Amino acid sequence: MTEQLAIFGGTPVRKTKIFYGRQCIEQDDIEAVIATLTSDLITCGPKVEELEGKLCQITGAKHAVVVSNGTAALHLAALTAGFGEGDEVIVSSITFAASSNCVLYCGAKPVFADIDPETYNISPASIRRLITPRTKGIVAVDFTGQAAELDEIRAICREHNLILIEDAAHAIGTKYRGQPVGSIADMTCFSFHPVKTVTGGEGGAITTNDEGFYRRLMRLRTHGITRNQEEMVHPTDAAWYNEQVELGYNYRMTDFQAALLVSQLRKLPAFSARRKEIVQRYNEAFAEMPEIIVQKEIPESDTTRHLYILRLDLEKLTCDRRQFFDALYAENTCPQVHYLPVYYHSYYEKLGYQKGICPNAEKFYEEVMSIPLYYSLTDEDVEDVIRAVKKVTAYYRR
């Protein structure tokens, strides 16, 4: 007889809740922040520059610009790309809204590409179908941490003279054909929110190999103000002089956030290795279950996974996704859904976007949830998650 689910009064697999993501802050991280908080400069200081150097070292990019959050990174990248009124920018349909909102911030129009039904990343074939004379760029998301099909997407960009922004908010530590994410696209954007692989509490970054992009990103981060005489309209060598040459923003990062990130990035190899171990264990467990579809990994991507997607074959179950989600939550394994297709949001409905434009993305949304994946999960935690998934699946199996 199938074990009764906790949602119906049975005993849950776990006594305490385990959520889909969690930061790992250790004593050395705390000490790094304290050391900066008790120093002379807690913003616009040396730790920001140190972090930017560390990001260049990890990604292989020539330049890195750190900012207040991942959305700020996307906004500045879109501005630097020159997106504006009358332009179209092709974006992933399955992503957090910021990947598309950054296009709207610039006055351009997001055009949503469908996903590959096996990898869940943006489909190059869908991109090709959407290109028009107004297309100015592509925002490609490395969803779950797996690199998008960057060779083909870059080829499309070269063919049509488009700028490629890679949204790597999920993908710090991932490599594509042995090359770190962050050194491949025209600009690559990262997020350091607490559920990401490394965190600064908040924070973001843009990496690029283009000197012109780098200079503009640096200006836009700080109100459009420069101290570089070559960029000034009225240059002077006075030590106190700075000049606003365009409209920018205050998207700076504090030094204590940067100190935390420098400390966290030292642990990136360990964080990445542990995430890979957990993904491998999940894959082994769920590959035996016909009701669960395992995300396809492309061989080009050596992936540091941010999310583990549980996809249900609903034809083999007697429940819908909501029932499965609620049952898993009652077992104290607390999932989340990533993501609503961006154009489903009511704000995008008001802009005229309608359902039906990305059928693969829409089907994906009906069938998925993210289960716990983070560095500090113990082997026992991982086995509890697997037991919970198996228990719920067995209950609803046709």
Side-chain angles (χ1 to χ4, degrees), residues 19-21 68-79 81 83-117 120-123 126-127 129-130 132 134-144 148 165 167 169-170 189 191 193-196 202 204 249 251 306-307 309-312 314 319-326 328-329 334-370:
F19 294 93
Y20 85 92
S68 52
N69 53 63
T71 301
L74 286 162
H75 184 195
L76 295 192
L79 285 168
F83 301 158
E85 197 73 35
D87 294 332
E88 295 178 351
V89 180
I90 297 171
V91 301
S92 300
S93 51
I94 294 294
T95 183
F96 186 60
S99 308
S100 171
N101 289 347
C102 68
V103 176
L104 294 177
Y105 296 157
C106 300
K109 178 184 177 182
V111 177
F112 292 102
D114 210 347
I115 61 169
D116 182 292
Y120 316 150
N121 265 331
I122 191 169
S123 161
S126 180
I127 290 172
R129 289 193 294 269
L130 295 170
T132 74
R134 291 188 171 186
T135 306
K136 185 72 175 284
I138 299 169
V139 179
V141 176
D142 298 325
F143 181 58
T144 74
I165 296 174
D167 182 345
H170 294 182
C189 298
S191 168
H193 182 276
V195 296
K196 303 302 196 299
E202 282 284 0
Y249 301 84
Y251 282 164
H306 162 53
L307 297 173
I309 300 293
L310 199 68
R311 187 168 188 179
L312 308 177
L314 293 173
C319 63
D320 59 21
R321 191 265 307 273
R322 172 64 186 273
Q323 290 169 310
F324 197 103
F325 182 102
D326 289 348
L328 199 58
Y329 199 98
C334 305
Q336 183 55 279
V337 173
H338 299 93
Y339 291 101
L340 189 75
V342 177
Y343 56 86
Y344 274 26
H345 287 291
S346 58
Y347 181 80
Y348 280 81
E349 287 181 341
K350 289 187 287 187
L351 295 177
Y353 293 91
Q354 297 180 348
K355 294 181 180 181
I357 59 177
C358 295
N360 291 338
E362 294 175 20
K363 186 173 190 297
F364 168 87
Y365 170 64
E366 297 296 331
E367 299 172 344
V368 298
M369 64 196 72
S370 304

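The shown structure was predicted, so the numbers you read here are calculated from the model rather than taken from an experiment.
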In this structure, CG of L74 is separated from OG of S191 (nearest 0.5 Å) by 9.0 Å

Crowding at OH, Y347 (>12 non-hydrogen neighbours, <6.0 Å):
no

Does any pair with a residue in residues 99-110 pass side chain to side chain donor-acceptor pair (under 3.5 Å), and if so which ones, sequence neighbours excluded?
T95-S99, S99-D167, S100-Y348, N101-Y348

If you apply the rule side-chain contact (heavy atoms from CB on, under 4.5 Å), what do you find for V111 with T135, and how did you get there?
CA-CA 9 Å; V111 177; T135 306; over 6 Å; no

Can you tell me if CZ on F364 sees more than 12 non-hydrogen neighbours from other groups inside 6.0 Å?
yes

Does a side-chain heavy-atom distance below 4.5 Å link F83 with I165?
yes

Non-neighbouring partners of Y20 that pass ring pair (Phe, Tyr, Trp, His ring centres under 6.0 Å), sequence neighbours left out
H338

Value for CD1 (I138) from CG (L130), rounded to nearest 0.5 Å, stands at 9.5 Å

Looking at side-chain heavy atoms only, is the closest gap between F324 and E367 below 4.5 Å?
no

Identify the two heavy atoms, one from D142 and one from A148, that lie closest to each other, and give their separation to 0.1 Å.
OD1-N, 2.9 Å

With heavy-atom distances below 4.5 Å as the criterion, would you say the side chains of E88 and K136 are in contact?
no

Roughly how far, to the nearest 0.5 Å, is the CZ atom of R311 from the CZ atom of R321?
11.0 Å

Check: K363 main-chain N/O paired with E366 side-chain donor or acceptor under 3.5 Å:
no

Could you state the interatomic distance from OH (Y339) to CD1 (I309), rounded to the nearest 0.5 Å?
8.5 Å

For a side-chain contact (heavy atoms from CB on, under 4.5 Å) check, start with the C-alpha distance between M369 and Q336, then their side-chain angles and the critical distance, and finish with the verdict.
CA-CA 5 Å; M369 64 196 72; Q336 183 55 279; over 6 Å; no

Side chain proximity check, S370 to V337, heavy atoms < 4.5 angstrom:
no

E349 side, atom CD; Y344 side, atom OH - distance, nearest 0.5 Å
10.0 Å

Grab the two heavy atoms, one from I127 and one from A113, that are nearest each other, plus how far apart they are.
CG1-CB, 4.2 Å

Closest heavy-atom contact between G356 and Y343?
N-CE1, 4.5 Å

Looking only at non-hydrogen atoms, find the nearest pair between R134 and G86 and report the distance.
CD-O, 3.4 Å

Can you label the angle between the H170 ring and the F143 ring as parallel, tilted or perpendicular, going by 30° and 60°?
tilted

Is the side chain of D87 donor-acceptor paired with the backbone N or O of G84 at a distance under 3.5 Å, no angle test?
yes

Counting C-beta onward and ignoring hydrogens, is there a side-chain heavy-atom pair between D114 and E362 closer than 4.5 Å?
no

For C189 and A73, the nearest pair of non-hydrogen atoms, with its separation, is SG-O, 3.6 Å

Separation of S93 OG from I115 CD1 (nearest 0.5 Å):
6.0 Å

Identify the two heavy atoms, one from P335 and one from L328, that lie closest to each other, and give their separation to 0.1 Å.
CG-CD2, 4.2 Å

Can you find a heavy atom in the side chain of L76 that is under 4.5 Å from one in the side chain of Y249?
yes

